[in-house]
Protein chains: 2
Amino acid sequence: MASIKDVAAAAGVSVATVSRVLNGHPSVSAEARARVMGAVAQLGYRPNAVARSLRTDQTHTLGLVISDVLNPYFTELARSVEEEARALGYSVIIGNADERPELQDHHVRNLLDRRIDGLLVSPTDGGSPLMLDAVRAGTPMVFVDRWIPGVEVPVVRADGRAAVRDLVAHLHRLGHRRLAIIAGPAATTTGSERVEAFRAALAEYGLLLPDAYIGQGDFQAESGRRVTEGFLDLPEPPEVVFAADNLMALGALDAVRARGLRVPDDLALAAFDDIPWFVHTDPPVTAIAQPTGELGRAAVRALVDRIEGRTPQSVTLPARLVVRRSCGEATPTPEITPPTQSPSPVQRSTS
Amino acid sequence: MASIKDVAAAAGVSVATVSRVLNGHPSVSAEARARVMGAVAQLGYRPNAVARSLRTDQTHTLGLVISDVLNPYFTELARSVEEEARALGYSVIIGNADERPELQDHHVRNLLDRRIDGLLVSPTDGGSPLMLDAVRAGTPMVFVDRWIPGVEVPVVRADGRAAVRDLVAHLHRLGHRRLAIIAGPAATTTGSERVEAFRAALAEYGLLLPDAYIGQGDFQAESGRRVTEGFLDLPEPPEVVFAADNLMALGALDAVRARGLRVPDDLALAAFDDIPWFVHTDPPVTAIAQPTGELGRAAVRALVDRIEGRTPQSVTLPARLVVRRSCGEATPTPEITPPTQSPSPVQRSTS
DNA sequence: CTGAAAGCGCTTACAG
DNA sequence: CTGAAAGCGCTTACAG
């Protein structure tokens with residue numbers, strides 16, 4: 001591969017001059033610039049980003065550690081992160097933690113070793129020593145979706161509390177009283193918050209969330225299946241299951257179908273995170289939709305602000321309920337709240 | 001951040017010795033080793049991968065350029081690629097082409113600039129000059145899923161012809177005669193091959209594939225929607241639509257539902273690529289399943305073989321038909337072919 | 001077993 | 001406007 005020396009030789013100038021034209025430095029004569037450009041084109045020269053990074057101590061790269069690539073929510077998040085980063089002149093390297101803390105640490109370490117300029121993390125746990133050290137060492141970092149309490153890092157996330165309240169109102173209106181939840185790991189904020197939001201909303205209707213109705217999942221499909229089976233085996237099974245993410249909802253659907261039961265007749269189902277497939281499942285699934293793309297973009301902006309010396313902003317965006325048929329036929333409501341107006345509109349899907 | 005000099009100073013040895021213990025070089029005294037390890041632990045030292053790469057001309061990194069991260073097929077592929085790469089001591093950087101050739105080139109260029117050790121590509125088009133140059137320049141490369149004819153690069157992919165033949169047999173048995181396809185871009189191999197396999201299978205039943213029944217999609221959902229609407233507007237609409245990937249099948253479902261029609265009564269549907277959601281759609285979708293994980297792993301092995309001086313092997317694995325209900329009720333067959341036995345078993349799903 | 005030194009491909013003050 | 005030189009953090013022949 002041609003190096004800057006080859007270009008300099010071909011253009012009859014010094015490597016310093018080549019470097020200057022490559023970096024758009026103003027003080028280069030038009031003639032030198034032309035000769036260099038010619039040599040670059042002729043040799044098909046491409047600057048070595050590794051060498052440049054070593055010298056400048058910048059990689060123009062962001063690390064993104066997501067909890068699970070197989071989760072469409074994170075996949076959409078990753079896509080918007082890459083898009084915004086590209087627009088701001090950064091590339092992104094994705095690490096998939098697969099909901100496993102050790103794998104998360106592996107990727108954080110790898111990313112740090114590569115000297116990425118900043119790190120976007122959706123933590124799989126309560127914060128490993130490695131991650132805490134990285135924060136203390138001053139690594140620019142921003143949490144997306146999930147975060148670690150007590151750590152001085154900006155957080156970009158959705159607040160689902162109002163939407164969960166809307167969901168419980170919807171369920172109550174349909175006559176459901178025994179409501180259960182498939183929770184994510186308690187060590188994650190989204191794992192515990194969604195349970196708490198659910199519990200608080202139930203309390204408003206004088207309903208309790210007994211321990212037997214809190215199933216411990218790990219945000220992956222298999223756990224949703226297992227927990228749902230446990231619910232169905234209860235002497236008094238719940239009437240509704242609220243899955244704290246879309247993959248556990250998939251597992252719940254598997255479990256219900258495997259027993260030859262039907263949603264919503266035998267068990268109603270709702271999920272956190274809305275995905276395109278929920279429109280076409282049997283039945284279409286009532287879900288809480290996050291503004292995923294906007295979260296990804298806001299997270300990148302916050303991180304780049306931090307990297308470039310500006311003050312990063314934490315951002316909290318509202319999630320919203322999308323009612324479909326998986327909790328029972330909704331009694332038709334005359335007014336339809338427009339989707340973008342109120343802070344937490346109950347959007348009635350056309351499906 | 002502590003550098004190798006700091007470690008050397010703290011341990012009272014030269015940087016050469018530090019480097020040797022870090023790299024497991026045998027000729028280091030036990031005492032020096034212990035002192036270095038101590039200093040490393042105490043300083044929390046981590047080698048700078050950028051500097052190491054510059055020096056060794058190796059990044060231990062693979063580039064993976066996929067066509068679309070939002071496609072669950074590619075997401076699963078990416079996951080298995082990362083897993084196998086990690087097992088072999090490599091990390092992977094993913095670039096998402098989003099089915100856009102310019103974006104694909106952007107990522108290839110970025111990856112090349114970063115001096116990745118090798119490139120895994122699922123080409124979005126027939127091969128840009130940039131990609132062709134990279135091959136000519138000797139960049140270790142392997143094509144996965146899609147490939148570029150006439151280019152001397154190993155290919156790891158699934159052969160769907162037998163499964164497509166099984167699909168057409170299934171459709172014919174159900175009485176369908178007017179069969180249409182939503183194709184991918186003709187510039188991609190999977191775009192054209194799936195049409196040709198479909199056409200050839202139809203011919204075995206004396207059926208034609210008229211131009212009006214070949215819709216041009218781009219492997220993304222919106223195109224599936226648009227093409228399906230076109231089919232439904234035809235004076236004589238098809239009885240079945242075969243979507244060449246799962247996202248276009250999603251678009252087809254959208255279009256059918258938007259018109260208040262039903263699958264399979266008004267229009268039957270089948271898809272290339274099987275995904276977990278197809279079990280739970282209304283109705284469950286008959287699909288052709290690829291051995292995605294195995295493809296990803298085989299591709300990595302081939303690429304690493306090439307990188308490490310061994311001779312890489314092209315690999316072709318069979319895809320198989322999974323019958324569900326989206327093409328009409330199947331007449332129950334007495335024997336169930338075990339999924340792993342025959343080269344192209346027609347697996348009857350339990351859903 | 002160990003260290004001094006060269007060099008990977010760049011960028012950037014410094015001097016002219 | 002231009003070039004010689006230093007230096008980023010490593011690895012690795014070379015000499016001892």
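Fair warning: this is a prediction, and the values are worked out from it, not measured in the lab. Letters go in sequence order (proteins before strands), and every chain restarts at 1.
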Candidate nucleotides [options], ranked by approach to the side chain of [X] - the nearest:
X        : options              : value
A/Ser29  : D/dG9, D/dG3, D/dC1  : D/dC1
A/Arg115 : D/dC10, D/dG3, D/dT2 : D/dC10
A/Val13  : C/dC10, C/dC1, D/dG3 : D/dG3
A/Ala51  : C/dG9, D/dG9, C/dT2  : C/dG9

Round to a whole Å and report the spacing from [atom1] of [X] to [atom2] of [N].
X       : N      : atom1 : atom2 : result
A/Arg35 : D/dC1  : CZ    : C1'   : 13 Å
B/His60 : D/dT11 : NE2   : P     : 11 Å
A/Arg46 : C/dG9  : CZ    : P     : 16 Å
A/Ile4  : C/dC8  : CD1   : C1'   : 13 Å
B/Gln58 : D/dG9  : CD    : P     : 22 Å
A/Leu54 : D/dC8  : CG    : C1'   : 4 Å
B/Asn48 : C/dC10 : CG    : C1'   : 14 Å
B/His25 : D/dT11 : NE2   : P     : 12 Å

**Message:** Please confirm whether the shortest side-chain N or O distance from B/Tyr45 to OP1 or OP2 of D/dC10 is below 4.0 Å.
**Reply:** yes
May I ask you to decide if [Y]'s main-chain N or O and [X]'s side chain share a donor-acceptor pair within less than 3.5 Å?
X        : Y        : answer
B/Ser67  : B/Glu99  : no
A/Asp145 : A/Ser122 : no
B/Ser128 : B/Pro101 : no
B/Arg146 : B/Pro123 : yes
B/Glu84  : B/Val300 : no
A/Asp117 : A/His60  : yes
B/Arg46  : A/Asp113 : no

Protein-nucleotides 12-16 of chain C N/O pairs under 3.5 Å:
| unit_1 | atom_1 | unit_2 | atom_2 | d |
| --- | --- | --- | --- | --- |
| C/dA13 | N6 | A/Arg20 | NH2 | 3.2 |

**Request:** Using the P atom on both, measure C/dA6 against C/dT2 and round to a whole Å.
**Result:** 22 Å
**Asked** Listed by chain and number, what are the side-chain contact (heavy atoms from CB on, under 4.5 Å) partners of B/Val21, not counting sequence neighbours?
**Response** B/Thr17, B/Val28, B/Arg33, B/Val36, B/Met37
**Request:** Could you say whether B/Pro26 or A/Ser3 is positioned toward the 5' end of DNA chain C, judged by the nucleotide with the nearest heavy atom to each?
**Result:** B/Pro26
**Message:** Can you list every stem that DNA chain D is part of, counting only runs of 3 or more consecutive Watson-Crick or G-U wobble pairs with both distances under 3.5 Å?
**Reply:** C:1-3 with D:14-16, C:5-12 with D:5-12, C:14-16 with D:1-3
**Fill in**
Which of B/His106, B/Arg114, B/His107 passes side chain to side chain donor-acceptor pair (under 3.5 Å) with A/Ser91? Answer is B/Arg114
**Request:** Work out which heavy atom in A/Gln104 is nearest to a heavy atom in A/Asp125; give both atom names and the distance.
**Result:** NE2-OD1, 3.2 Å
